Amino acid sequence: MDQLRYPVGMQTFSDIIENGYVYVDKTGYIKPLLGQGKFIFMSRPRRFGKSLLLSTLEAYFEGRRDLFKGLAADSDDLDWTPSPVLHFDLNTGKYSDPMGLENRLIRHLENHERKYDITPRNDDDVALRFENLIAAAHEKTGRKVVILIDEYDKPLLDIEENKELYEKNQRILKSFFGNLKSMDRYIRFVFITGVARFSRVSIFSDLNNLDDISLEDDYADICGWSEKELTDYFTPGIRKLAEKRKEDFDTTLKELRDYYDGYLFTEEGSRLYNPYSILKALKKMRIDPYWFDSGTPTFLARRIKNMRIFPPDINCQTCSRKELIAVGLNDRNPIPLMFQTGYLTIGDYIPETNRYRLRFPNQEVESGFYEELLQVFIPDTYDPFSPFSFALFQEDLMEGRPEDFMKRLATLLKNIPYDDHHESTYRAVTFLIAVLSGTPALAEHHGYKGRSDLEVFAGRNIYVFEFKYDRSVSEAMEQIRSRDYAGRYALDSRTVYLIGANFNDQKEHRGLEYNIERIKG
């Protein structure tokens, strides 16, 4: 029986080690980090191991070598002399409150000030208190100070749509971080983590010696787990999951890979699994969207909709290295921020143009983001008991009932607000319904005479769609026939349906018109 203890949601290194939880050893990165420089920044998606990494560094800098017995750092030639450590975790806090960020910083400052017997003046702001704290910690211990700041950007991401509060929090963070450079003589090491590096909002403008390792090959695997790490540490758990699913080990491993693997942060790195989702899956003995369900990227989905990016096109966007690093939260283009927040990852590198082609990392993220995007198009429509549930759409397609599918779709489209009637909206919603119904789908599938709008493969049935907007159903059907979109399936034993549809946007006749023709089976 599997006796492994899974540290789901645990972010404190000492708790994991002392209580016998599984720890995937990343301590071999401590020595390279110390040689990297004094001021380091790294971005990784949420729940990807950043907090645990900082807790591990904190334990090292506190000189707690007993916790590292048998780990990679124990065999490295490291200086274990303790240093004063100032750890600020901004991952939690009520940042929608105008005083949320200041209150969070004040709480951390008070904890550290008590430790070093500091009494702040009433008129000192958080930036000045931080400056005084660094100097006092150094003076009272005679040692240079280590500063660890986790999820520095959470106070911005949480209030992205509140411009006034966003700008206020930006000013506070800029002032707070601005002390680090001026206090250099008291500092041994600084490590800052976050989801994104917002260089265009000048938070780090005063800290121009900050070394960003986010896209460095040497640190590609510092967070997240490679498949080797997964099988080295979790084979008993995977075997137990396979037994429950009545599958062999390799089949279950492939399903875990398809659902949770695929993150790539440099062109030379390894494909990485999401640690949070793996731990949850092995503890719960179910493959479900744990990471995506732990937070929703609503503002990113809204930007995709507002830019009218066709959902399949999200999976083939390209960006330069500069675009991936120099992200502005208020940039119109959401694609670079989708990379930094973990909703897109590097698919491949294009050396001729020095650009990265991005893609969804795995099934968990792709399905989750598409569902969030659909909710942005048609809010509050979906639940398991709705006549528009994905299960019912799937049954229509799997059982060869295209008429029922189209009737259901036509009714659903009537829920789109009147001021959002665009061809891009209709096409996007239809594609999202097909994909989220659990049926493989190809958008704009290229053939020898042209490309079809959508092809859906559901069991023994193939559906070939052509959509028009304020044109006619007959024109859509004629295009399917004249360009022979279904010709590629002439020798296929499955049943083939041709579906021509027109999104009529004339006010008195607004709605979906369609015609269906069964040509095989």
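What you are looking at is a predicted structure, and each value in this text was computed from that prediction instead of being measured.
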K.L.:
Just jot down the salt bridge (Lys or Arg N to Asp or Glu O under 4.0 Å) partners of Arg401, sequence neighbours excluded, or say none.
P.N.:
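If we apply the salt bridge (Lys or Arg N to Asp or Glu O under 4.0 Å) test to Arg401, skipping adjacent residues, the hits are Asp396, Glu399, Asp404.
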K.L.:
Looking at Glu255 and Arg245, is there a salt bridge between them, counting it only when a charged N and a carboxylate O are closer than 4.0 Å?
P.N.:
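The answer is yes: the pair qualifies as a salt bridge.
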K.L.:
Does the ring center of Trp225 lie less than 6.0 Å from the ring center of Phe234?
P.N.:
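Yes, ring centres under 6.0 Å apart.
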K.L.:
For Tyr349 and Ile346, indicate whether the former's side chain and the latter's backbone hold a donor-acceptor pair under 3.5 Å.
P.N.:
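Flag not set: sc Tyr349 to bb Ile346 has no pair under 3.5 Å.
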K.L.:
Tell me if the aromatic rings of Tyr370 and Phe431 count as close, with their centers under 6.0 Å from one another.
P.N.:
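They qualify: ring centres under 6.0 Å apart.
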K.L.:
Between Arg359 and Glu366, does any side-chain N to carboxylate O distance fall below 4.0 Å?
P.N.:
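No, this pair does not count.
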K.L.:
Using side-chain contact (heavy atoms from CB on, under 4.5 Å) as the criterion, list what pairs up with Asp261, not counting sequence neighbours.
P.N.:
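Expected list: Glu227, Arg257, Arg271, Tyr273.
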K.L.:
Roughly how far apart are Phe48 CZ and Ile222 CD1, rounded to 0.5 Å?
P.N.:
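One gets 12.5 Å once the value is rounded to the nearest 0.5 Å.
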K.L.:
What distance do Asp221 atom CG and Ser270 atom OG have between them, rounded to the nearest 0.5 Å?
P.N.:
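Here the interatomic distance stands at 4.0 Å.
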K.L.:
Compute whether any side-chain donor of one residue and acceptor of the other, for Asp150 and Thr193, lie under 3.5 angstrom apart.
P.N.:
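Thr193 and Asp150 do have a side-chain donor-acceptor pair below 3.5 Å.
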K.L.:
Could you check whether the rings of Trp291 and Tyr343 sit parallel, tilted or perpendicular, using 30° and 60° as the cut-offs?
P.N.:
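Tilted: the ring planes of Trp291 and Tyr343 meet at 30° to 60°.
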K.L.:
What orientation do Phe360 and Phe369 show, parallel under 30°, tilted 30 to 60°, or perpendicular over 60°?
P.N.:
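Aromatic pair Phe360/Phe369 classed tilted.
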K.L.:
Applying ring-ring contact (aromatic ring centres under 6.0 Å, His included), can you list everything that pairs with Tyr23, at least two apart in sequence or on another chain?
P.N.:
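Phe13.
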K.L.:
Take the angle between the ring planes of Tyr426 and Tyr469 and call it parallel below 30°, perpendicular above 60°, tilted in between.
P.N.:
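Answer is tilted, since the angle falls between 30° and 60°.
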K.L.:
Can you tell me how far CG of Asn461 sits from CE of Met398, rounded to the nearest 0.5 angstrom?
P.N.:
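Between Met398 CE and Asn461 CG, I get 8.0 Å after rounding to 0.5 Å.
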K.L.:
In Å, rounded to the nearest 0.5 Å, how long is the span from CG of Leu157 to CG of Asn169?
P.N.:
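It is 11.0 Å, given to the nearest 0.5 Å.
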K.L.:
Taking salt bridge (Lys or Arg N to Asp or Glu O under 4.0 Å) as the definition, give me every residue that meets it alongside Lys228, ordered by chain and number, with sequence neighbours left out.
P.N.:
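With sequence neighbours excluded, Lys228 shows a salt bridge (Lys or Arg N to Asp or Glu O under 4.0 Å) to Asp232, given in chain and number order.
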K.L.:
Show me the donor-acceptor pairs within less than 3.5 Å that the side chains of residues 279-288 make with the rest of the protein, sequence neighbours left out.
P.N.:
| unit_1 | atom_1 | unit_2 | atom_2 | d |
| --- | --- | --- | --- | --- |
| Arg286 | NE | Asp288 | OD2 | 3.0 |

K.L.:
Any idea which heavy atoms bring Leu272 and Ala220 closest together, and the distance?
P.N.:
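That closest heavy-atom pairing would be CD1-O, 3.5 Å.
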K.L.:
Locate the shortest heavy-atom distance separating Leu165 from Ser96; write the atom from each residue and the value.
P.N.:
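Smallest interatomic distance, heavy atoms only, reads CD2-O, 3.6 Å.
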K.L.:
Side-chain contact test, heavy atoms from C-beta onward, threshold under 4.5 Å: evaluate it for Leu436 versus Leu374 and give yes or no.
P.N.:
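Leu436 reaches Leu374 side chain to side chain.
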K.L.:
Can you check whether Ile192 reaches Phe177 side chain to side chain, under 4.5 Å on heavy atoms?
P.N.:
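They are in contact (side-chain heavy atoms under 4.5 Å apart), so the answer is yes.
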K.L.:
Measure across Ile416 and Thr425 and return the closest heavy-atom pair with its distance rounded to 0.1 Å.
P.N.:
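In this case the closest contact between Ile416 and Thr425 is CD1-CG2, 3.8 Å.
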K.L.:
Do Tyr166 and Asn162 have side chains that approach each other closer than 4.5 Å (heavy atoms only, starting at C-beta)?
P.N.:
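Contact flag for Tyr166/Asn162 side chains = no.
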K.L.:
Residues two or more places apart in sequence or in another chain: which of them pass side-chain hydrogen bond (donor to acceptor under 3.5 Å, both in side chains) with Arg308?
P.N.:
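Partners of Arg308 under the side-chain hydrogen bond (donor to acceptor under 3.5 Å, both in side chains) test: His422.
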K.L.:
About how many Å separate CD1 of Ile149 and CZ of Phe41, when rounded to the nearest 0.5 Å?
P.N.:
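Interatomic distance, Phe41 CZ to Ile149 CD1, rounded to 0.5 Å: 11.0 Å.
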K.L.:
Does Asp348 come within less than 4.0 Å of Arg357, counting only side-chain N to carboxylate O?
P.N.:
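Salt bridge between Asp348 and Arg357, a charged N being under 4.0 Å from a carboxylate O: yes.
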K.L.:
Does atom NZ (Lys449) have a neighbourhood of more than 12 heavy atoms from anything else shown, all under 6.0 Å?
P.N.:
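Count over threshold, so yes.
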K.L.:
Could you tell me which residues satisfy ring-ring contact (aromatic ring centres under 6.0 Å, His included) with Phe249, sequence neighbours excluded, listed by chain and number?
P.N.:
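If we apply the ring-ring contact (aromatic ring centres under 6.0 Å, His included) test to Phe249, skipping adjacent residues, there are no hits.
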K.L.:
Do the charged groups of Lys26 and Glu229 touch, with an N to O distance under 4.0 Å?
P.N.:
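Looking at Lys26 and Glu229, the cut-off is met.
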K.L.:
Checking Lys254 now: which residues fulfil side-chain hydrogen bond (donor to acceptor under 3.5 Å, both in side chains) with it, not counting sequence neighbours?
P.N.:
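For Lys254 the side-chain hydrogen bond (donor to acceptor under 3.5 Å, both in side chains) partners, ignoring immediate neighbours, are Asp258.
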K.L.:
Run the ring-ring contact (aromatic ring centres under 6.0 Å, His included) test against Tyr485 and tell me which residues pass, sequence neighbours left out.
P.N.:
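ring-ring contact (aromatic ring centres under 6.0 Å, His included) list for Tyr485, sorted by chain: empty.
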K.L.:
Side chains of Ser474 and Ser472: do they bring a donor and an acceptor to under 3.5 Å?
P.N.:
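Indeed, the side chains of Ser474 and Ser472 share at least one donor-acceptor pair under 3.5 Å.
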K.L.:
Tell me, which pairs form a salt bridge (charged side-chain N to carboxylate O under 4.0 Å, His left out) where one or both residues lie in residues 455-464, sequence neighbours left out?
P.N.:
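Applying salt bridge (charged side-chain N to carboxylate O under 4.0 Å, His left out) to every pair that reaches into residues 455-464, excluding sequence neighbours, yields Glu455-Arg488.
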K.L.:
Can you find a heavy atom in the side chain of Leu33 that is under 4.5 Å from one in the side chain of Ile213?
P.N.:
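Yes, close enough: below the 4.5 Å cut-off.
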K.L.:
Listed by chain and number, what are the ring-ring contact (aromatic ring centres under 6.0 Å, His included) partners of Phe467, not counting sequence neighbours?
P.N.:
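So Phe467 forms a ring-ring contact (aromatic ring centres under 6.0 Å, His included) with Phe465, Phe503.
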K.L.:
Evaluate the side-chain proximity of Ile462 to Val456: yes if any heavy-atom separation is below 4.5 Å, no if none is.
P.N.:
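Side chain of Val456 against side chain of Ile462, heavy atoms only: no contact under 4.5 Å found.
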K.L.:
Is there a donor-acceptor contact under 3.5 Å linking the side chains of Thr318 and Arg355?
P.N.:
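Checked: Thr318/Arg355 side chains pair up, N/O donor to acceptor below 3.5 Å.
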K.L.:
Is it the case that Lys50 and Gln11 place a side-chain donor and acceptor less than 3.5 Å from each other?
P.N.:
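Their side chains do not contain a donor-acceptor pair, so the 3.5 Å distance test is not met.
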K.L.:
Would you call Ile433 and Leu412 a side-chain contact if the rule is heavy atoms closer than 4.5 Å?
P.N.:
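Side-chain contact under 4.5 Å: yes.
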K.L.:
Tyr219: what forms a side-chain hydrogen bond (donor to acceptor under 3.5 Å, both in side chains) with it, not counting sequence neighbours?
P.N.:
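In terms of side-chain hydrogen bond (donor to acceptor under 3.5 Å, both in side chains), with neighbours along the sequence ignored, Tyr219 is linked to Gln36.
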K.L.:
Which pair of heavy atoms, one from Val195 and one from Ser43, lies closest together, and at what distance?
P.N.:
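Heavy atoms only, the tightest pair is O-CB, 3.4 Å.
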K.L.:
To the closest 0.5 Å, what do you measure between OG (Ser214) and CZ (Arg44)?
P.N.:
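Here the interatomic distance stands at 6.0 Å.
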K.L.:
What are the two closest non-hydrogen atoms of Val464 and Ser452, and how far apart are they?
P.N.:
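Looks like CG1-CB, 4.3 Å.
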K.L.:
Report yes or no: do Ser277 and Glu364 form a side-chain donor-acceptor pair below 3.5 Å?
P.N.:
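Present: a donor and an acceptor within the cut-off.
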K.L.:
State, to 0.1 Å, how close Gly269 and Leu264 come at their nearest heavy-atom pair, and which atoms those are.
P.N.:
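Closest approach of Gly269 to Leu264: O-CD1, 3.4 Å.
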K.L.:
Could you tell me if Arg427 sits above the aromatic ring of Phe310, with its cationic atom closer than 6.0 Å to the ring centre and no more than 45 degrees from the axis?
P.N.:
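Yes, Arg427 and Phe310 form such a contact.
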